[in-house]
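This report refers to the structure that appears directly beneath it.
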Amino acid sequence: KTGYFTYDSGFLSTASCQSKVTYIDGDKGELLYRGYPIEQLADNCNFLEVTYLLKNGELPNAAQKSDFENTIKKHTMVHEQLSKFYSGFRRDAHPMAVMTGVVGALSAFYHDAMDFSDVEHRNVSFNRLVAKLPTIVAMAYKYNTGMPFMYPDNELDYTANFMRMMFGNPCEKYVPNPVLVRALDVIFTLHADHEQNASTSTVRLAGSSGANPFACIAAGIACLWGPAHGGANEACLNMLEEIGDVSRVGEYIARAKDKNDSFKLMGFGHRVYKNFDPRAKLMRKVCHDVLGELGLENDRLFKLAMELEKIALEDQYFVEKKLYPNVDFYSGIVQKALGIPTDMFTCIFALARTVGWMTQWEEMITDPEYKIGRPRQLYIGAARRDVVPLAQRG
Ligand code: SDX
């Protein structure tokens with residue numbers, strides 16, 4: 001029932017998994033978190049409200065929202081020993097490699113709350129991960145740049161705190177731009193959960209063995225890194241830079257259609273959406289707002305992306321294959337405009353998706369019927385045969 005896999009056209013796909021968390025209608029291009037349309041959540045809530053909703057199943061009232069925000073603030077710092085893990089990496093290590101290692105290492109710090117039959121242990125693990133991921137991601141960026149780590153400033157809200165840890169420095173007061181903070185907060189919401197995608201299925205499968213959630217989230221981060229999944233936003237921006245000019249869009253559309261060419265249009269297509277990914281439309285609006293705030297309305301890559309989208313959506317191949325922009329198509333452009341380096345885009349995705357991963361992990365381990373995930377296979381190898389002694393082998 002939970003995490004069962006079957007062999008399906010070359011992919012190991014989740015054949016059946018019951019969940020109350022997120023609903024996607026791929027044909028309609030609809031995405032609901034606990035029944036609420038993503039469009040309404042993006043417009044009316046902040047990321048921690050959405051986090052509370054995903055975990056608890058209901059939106060918080062004002063008191064619950066304030067309590068939850070204060071609880072998260074209590075966990076934003078990491079153990080001083082954890083910061084020593086960074087110095088083991090090369091300065092130019094990919095931040096996703098750093099995150100996979102550091103988040104997995106969290107398992108070694110919390111022996112005090114590893115009985116996950118205890119709801120309090122589950123809650124404190126959830127709060128620790130939600131609170132510490134921004135600190136861990138920002139530290140990966142600071143380590144990469146040779147800048148000093150920034151401690152959280154809990155006078156700031158969740159996303160402003162993250163932006164200060166990323167872009168602030170100990171010598172100057174960091175004054176967050178509310179428009180940019182709101183934009184990144186919406187980006188977190190858009191990435192928070194997405195039912196049984198590859199990385200969530202990874203977290204569920206790892207958790208089904210009883211592995212602790214820190215190790216499971218590290219497994220999810222590793223899976224998300226792939227360019228066909230969460231790494232697509234980094235790959236999409238690199239693709240737009242390579243295309244360079246609208247005049248070359250036709251060449252790349254032709255490549256995407258050529259069966260003999262492995263090139264795929266990054267940020268296009270989806271395993272489930274056969275209509276517009278609703279997050280792509282919201283991401284395009286966030287992109288427009290951020291570029292407007294920064295006076296970058298004529299951003300070259302944004303204009304190129306919109307032209308590419310227009311041409312692709314009019315092309316017979318894309319229409320027939322029902323290929324539309326997905327969440328990754330515009331997210332790289334807006335993150336670049338926010339000052340986030342390309343190799344950090346998937347770290348931002350992982351920061352936000354940790355909420356969905358932890359929610360789905362808890363849904364699985366509290367399901368009385370859950371069993372360890374054990375994907376079956378379609379054996380297509382050699383039939384039974386006897387070993388020939390070495391001396392007689394040709
Ligand atoms: C994410 O699962 C999730 O929910 C993931 C995610 C989440 O929030 O967790 O939404 C996040 O991972 C979004 C996807 C990001 N990846 C990319 O943008 C990479 C580029 N996209 C492709 O790699 C592809 O679209 C996939 C992997 C996303 C889906 O591939 P599928 O399952 O092959 O898609 P499909 O079955 O709908 O494809 C139909 C056809 C196929 O050709 P035929 O075999 O029918 O000849 O369209 C082709 C595909 O080869 N195709 C593309 C294409 N995507 C699919 N052709 C060109 N360019 C593309 N981008």
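One is the number of the first residue; the rest follow in order along the sequence. All figures in this text were calculated on a predicted structure; none of them were measured in a lab. Counting starts at 1 for both ligands and their atoms, in listed order.
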Task: Charged N-O contact under 4.0 Å between D289 and K285 - done: yes

- [ ] Flag the pair E234 / M266 as yes when at least one side-chain heavy-atom distance between them is below 4.5 Å, and no otherwise.
- [x] no

Task: From the candidates H194, E195, K264, the one that places a heavy atom nearest atom 59 (C) of ligand 1 - done: K264

Open item on the list: Can you confirm, on distance only, whether ligand 1 has an N/O atom lying under 3.5 Å from any N/O atom belonging to H270?
Closed with: yes

Task: A228 N/O to ligand 1 N/O under 3.5 Å - done: yes

Open item on the list: As a check for students: among R271, H191, E320, Q196, identify the option with a heavy atom nearest to atom 30 (O) of ligand 1.
Closed with: R271

Task: Contact check: L265 vs ligand 1, nitrogen or oxygen atoms, below 3.5 angstrom - done: yes

- [ ] Measure from atom 44 (O) of ligand 1 to every heavy atom in K257, K259, H229 and give the option owning the shortest one.
- [x] K259

Task: side chain to side chain donor-acceptor pair (under 3.5 Å) against T159, all qualifying residues, sequence neighbours excluded - done: D185

Open item on the list: Taking side-chain contact (heavy atoms from CB on, under 4.5 Å) as the criterion, tell me which of I38, V21, L31 meets it with H194.
Closed with: L31

- [ ] Report the member of Y252, F263, Y317, F268 with the shortest heavy-atom distance to atom 56 (N) of ligand 1.
- [x] Y317

Task: Under 3.5 Å: N/O of G267 near N/O of ligand 1 - done: yes

Open item on the list: Strictly by side-chain hydrogen bond (donor to acceptor under 3.5 Å, both in side chains), give each pair with a member in residues 134-145 just once, sequence neighbours left out.
Closed with: none

TODO: Return the orientation label for the F268 and F329 ring planes: parallel under 30°, perpendicular over 60°, tilted otherwise.
DONE: perpendicular

Task: Proximity winner for atom 37 (O) of ligand 1, if only heavy atoms of K322, M266, K274, R279 are counted - done: K274

Task: Options N326, D277, L323, ranked by nearest heavy atom to atom 47 (O) of ligand 1, top entry - done: L323

